[in-house]
K.L.:
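Here it is: the structure, laid out below.
We're numbering straight along the sequence, starting at 1.
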Amino acid sequence: MANEDATRIRRRTPRIDADHPHYKWVALSNTTLGMLIATINSSIVLISLPAIFTGIRLDPLEPGNVSYLLWMLMGYMLITAVLVVTLGRLGDILGRVKIYNAGFLIFTVTSVILSVDPIHGGGGALWLIGWRVAQAVGGSMLMANSAAIITDAFPARQRGMALGVNMVAGIAGSFIGLVLGGLLAEWNWRSIFWVNVPIGLIGTVWAYRSLHDTGIRRPAKMDWWGNISFAVGLTALLAGITYGIQPYGGHTMGWTNPWVLAGLIGGVAILVGFCVIESRVAEPMFPLGLFRSKTFAGGNAATLLGSIARGGLQFMLIIWLQGIWLPLHGYNYDDTPLWAGIYLLPLTVGFLAAGPIAGYLSDRYGARLFAASGFVVMAASFGGLLALPTDFSYWVFALVIFLNGLGGGLFAAPNTSIIMASVPAEARGAASGMRATFQNAGMVLSIGVFFSLMVAGLARSLPSTLSSGLTAQGVPAGSAHQVATLPPVGTLFAAFLGYNPIQQLLGPDLLGKLPAVNAHTLTGREFFPHLISGPFHDGLVIVFGLAIVMSLVAAAASLIRSRPERGTTAGSGTATGTATTVTAVTPAGSGPEK
């Protein structure tokens with residue numbers, strides 16, 4: 001009787017096997033959910049930082065707390081950049097679904113722990129940073145294996161569409177996180193972690209019940225020296241870039257700090273050693289032979305450049321909205337995170353509109369043209385942002401950022417399809433992890449590169465603007481000069497967090513000696529945004545100018561193709577990903593590589 005009941009239950013809840021025609025849609029749905037939740041969490045904290053700092057009772061404008069702020073921003077992205085290759089390689093060895101499922105479970109458990117942070121002050125910040133690092137391990141497992149699972153499940157004629165849905169979910173997730181974080185932080189800062197729990201539980205149970213390993217698995221040894229040298233080298237390099245943003249020794253930035261130089265130089269040296277190790281071991285974690293395929297190398301170069309450009313855009317737009325435009329248009333500083341997320345919706349809509357369509361069309365007409373066109377559209381949108389005044393008309397701004405999202409959506413799926421189609425089946429986990437590494441490393445690099453360029457731009461004109469603006473409101477020249485010569489990174493982070501730092505910079509004693517009308521003006525909603533708008537635009541010229549150049553170079557990289565090399569085998573350290581491999585996975589009639 002019990003056996004009959006069990007049989008009836010199984011019939012009511014049928015398990016879709018790997019060879020079932022609908023299995024590919026199950027794989028796509030679950031991996032898309034995994035990518036979405038992993039990438040939302042790379043940005044949901046970004047927009048919620050003011051609420052988080054208030055919740056754990058930590059002043060973000062205190063000089064000693066800048067490191068907490070940076071590591072809350074970058075810790076998650078740093079870990080994902082470091083681990084995705086290792087975890088992709090582990091998926092090739094142990095099974096992609098096994099590693100992916102474990103990632104969902106880790107991500108869900110750490111979300112619960114993050115939401116119950118019981119500590120205030122610096123200890124509370126360290127709790128969040130440490131558990132965000134643990135959460136990033138789970139996120140890396142999801143990111144590293146999702147594209148490989150999809151590539152295994154879908155036939156070549158539908159692969160671009162499937163990867164398009166998955167990758168657009170991943171990229172759009174970083175922008176959806178901005179809106180979601182703004183909404184949730186308005187209610188309770190802990191809710192930005194609570195929201196992961198039900199989604200994570202559903203995704204974990206669904207993944208364990210529904211996904212199957214259909215890819216090629218082969219026994220292999222872990223490349224421990226390669227893993228260790230890669231993790232240490234990349235961490236040192238990206239940490240050096242992180243601390244290079246902060247002031248040091250009277251300089252506006254810390255690029256002369258011995259620890260920063262040690263991180264940059266030492267990190268590069270260790271990564272060079274990593275390349276030597278990988279070229280000599282029998283089974284490397286990072287198969288350098290894949291880069292002998294010009295298609296694979298060009299696709300990853302485009303991924304890195306595009307990620308840097310998009311990451312920098314995200315930060316600059318948040319500063320622009322929260323620190324300048326929204327206060328000038330009557331929004332209270334407490335409300336700016338929510339409204340910044342809402343006003344950035346056209347960017348997300350552009351991604352969601354273009355991504356799946358570009359994936360579907362690239363299956364029919366070839367991926368290269370779509371990938372390159374996407375970057376050209378992105379470059380045009382950066383030019384449009386440069387042409388806008390600091391106090392812009394929103395509908396023009398919305399159109400320009402929609403265009404930027406459209407360009408990113410046109411590029412994402414075809415680029416991923418190009419990369420994944422250029423490698424043999426047994427290397428898809430490693431290739432997926434390598435692609436994700438370039439994408440995540442680009443996001444971290446964008447913070448260092450764009451913040452450094454913005455600080456350099458602010459340093460030219462901000463001191464004189466700040467000094468003249470303060471003295472015009474009756475602040476003594478000596479006090480105004482002292483405030484104006486402070487490192488501009490503090491002003492930049494104040495704008496990024498939606499704060500007016502003037503009251504803190506001047507102090508209650510000095511403000512108390514000023515006429516009431518002047519003190520009210522200085523601490524009001526419009527003085528600080530008006531003050532920094534000109535210097536900020538000077539910085540934007542440098543930042544978006546570089547973004548235009550990177551987008552155009554990425555467009556050219558997307559057009560690179562390998563020449564057919566028949567007879568080349570796909571082994572470790574060999575020229576994998578040649579046209580022989582690609583022919584097997586591209587649509588019939590499309591030629592070796594489009």
Side-chain angles (χ1 to χ4, degrees), residues 43 46-47 171-172 174-175 178-179 305-329 331 336 339-354 373-412 442-443 445-447 449-458 460-462 492 495-496 498 529-530 532-555:
S43 62
L46 181 71
I47 203 78
I171 296 173
S174 62
F175 294 101
L178 298 178
V179 181
L305 291 168
S307 184
I308 295 174
R310 283 198 310 271
L313 171 72
Q314 189 178 79
F315 289 105
M316 294 305 110
L317 292 183
I318 290 173
I319 294 171
W320 200 345
L321 289 171
Q322 289 192 188
I324 298 174
W325 193 84
L326 287 168
L328 288 179
H329 286 255
Y331 292 86
T336 56
W339 287 102
I342 292 172
Y343 280 130
L344 286 175
L345 272 174
L347 191 62
T348 305
V349 172
F351 271 118
L352 296 176
S373 298
F375 274 119
V376 172
V377 172
M378 284 178 63
S381 69
F382 284 124
L385 289 170
L386 276 180
L388 289 178
T390 309
D391 188 8
F392 49 77
S393 167
Y394 175 72
W395 297 110
V396 178
F397 174 82
L399 179 61
V400 174
I401 63 172
F402 173 80
L403 190 67
N404 188 279
L406 202 68
L410 287 172
F411 155 74
M443 289 293 291
L445 284 170
S446 73
I447 298 176
V449 170
F450 283 81
F451 268 93
S452 296
L453 291 173
M454 178 57 74
V455 169
L458 288 174
R460 295 180 183 178
S461 53
L462 182 61
L492 187 63
F496 176 69
H530 272 304
I532 66 168
S533 60
F536 177 75
H537 193 270
D538 292 341
L540 280 184
V541 171
I542 301 173
V543 168
F544 287 156
L546 178 63
I548 291 171
V549 173
M550 287 192 296
S551 297
L552 293 176
V553 173

K.L.:
Using a 4.5 Å cut-off on heavy atoms from C-beta on, say whether the side chain of Gln322 contacts that of Trp339.
P.N.:
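Trp339 does not reach Gln322 side chain to side chain.
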K.L.:
Is the shortest heavy-atom distance from the side chain of Ile318 to the side chain of Leu344 under 4.5 Å?
P.N.:
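Yes, close enough: below the 4.5 Å cut-off.
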K.L.:
Quick one: pull up CZ in Phe536 and CD1 in Ile319 and give me the separation to the nearest 0.5 Å.
P.N.:
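Going from the CZ atom of Phe536 to the CD1 atom of Ile319 covers 5.5 Å.
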K.L.:
Looking only at heavy atoms, what is the nearest atom pair of His537 and Thr390, with distance?
P.N.:
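Taking His537 first and Thr390 second, the nearest heavy atoms are CB-OG1, 3.7 Å.
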K.L.:
Let me confirm one number: the CG-CE distance from Leu321 to Met316, rounded to the nearest 0.5 Å.
P.N.:
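Reported value, rounded in 0.5 Å steps: 12.0 Å.
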K.L.:
Working to the nearest 0.5 Å, report the span between CG of Leu540 and CG of Leu385.
P.N.:
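If I round to the nearest 0.5 Å, the distance is 8.0 Å.
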K.L.:
With a 6.0 Å cut-off on the ring centroids, do Phe392 and Trp320 count as close?
P.N.:
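Ring centres of Trp320 and Phe392 closer than 6.0 Å.
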K.L.:
Check for a donor-acceptor pair, side chain of Tyr394 on one end and backbone N or O of Tyr343 on the other, with a separation under 3.5 Å.
P.N.:
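Pair found, side chain donor or acceptor close to backbone of Tyr343.
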K.L.:
For His530 and Asp391, does a side-chain donor sit closer than 3.5 Å to a side-chain acceptor?
P.N.:
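Side-chain D/A pair, His530 to Asp391: absent.
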K.L.:
For the CD1 atom of Ile401 and the CG atom of Leu345, what is their distance to the nearest 0.5 Å?
P.N.:
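It is 8.5 Å, given to the nearest 0.5 Å.
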K.L.:
Quick check for you: to the nearest 0.5 Å, what is the distance between Ser551 atom OG and Asn404 atom CG?
P.N.:
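Atom-to-atom, Ser551:OG and Asn404:CG are 7.5 Å apart.
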K.L.:
Please report the shortest heavy-atom distance between Pro529 and Pro327, naming the atom on each side.
P.N.:
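The answer is CG-CB, 3.6 Å.
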K.L.:
Does Val553 reach the side chain of Phe375, with side-chain heavy atoms less than 4.5 Å apart?
P.N.:
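When only atoms from C-beta onward are counted, Phe375 and Val553 do not touch, as no gap falls below 4.5 Å.
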K.L.:
Nearest 0.5 Å, what's the CG-CZ distance between Leu313 and Phe382?
P.N.:
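Nearest 0.5 Å value for the CG-CZ distance: 5.0 Å.
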K.L.:
Give the minimum heavy-atom separation between Gly374 and Leu410, together with the two atoms involved.
P.N.:
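Taking Gly374 first and Leu410 second, the nearest heavy atoms are CA-CB, 3.7 Å.
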K.L.:
Quick one: closest heavy-atom pair of Ala398 and Pro346, and the distance?
P.N.:
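Closest heavy-atom pair between Ala398 and Pro346: O-CB, 3.6 Å.
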K.L.:
Testing the basics here: between Ser381 and Val400, what is the closest heavy-atom pair and its distance to 0.1 Å?
P.N.:
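Shortest heavy-atom separation between Ser381 and Val400 comes out as O-CG1, 3.3 Å.
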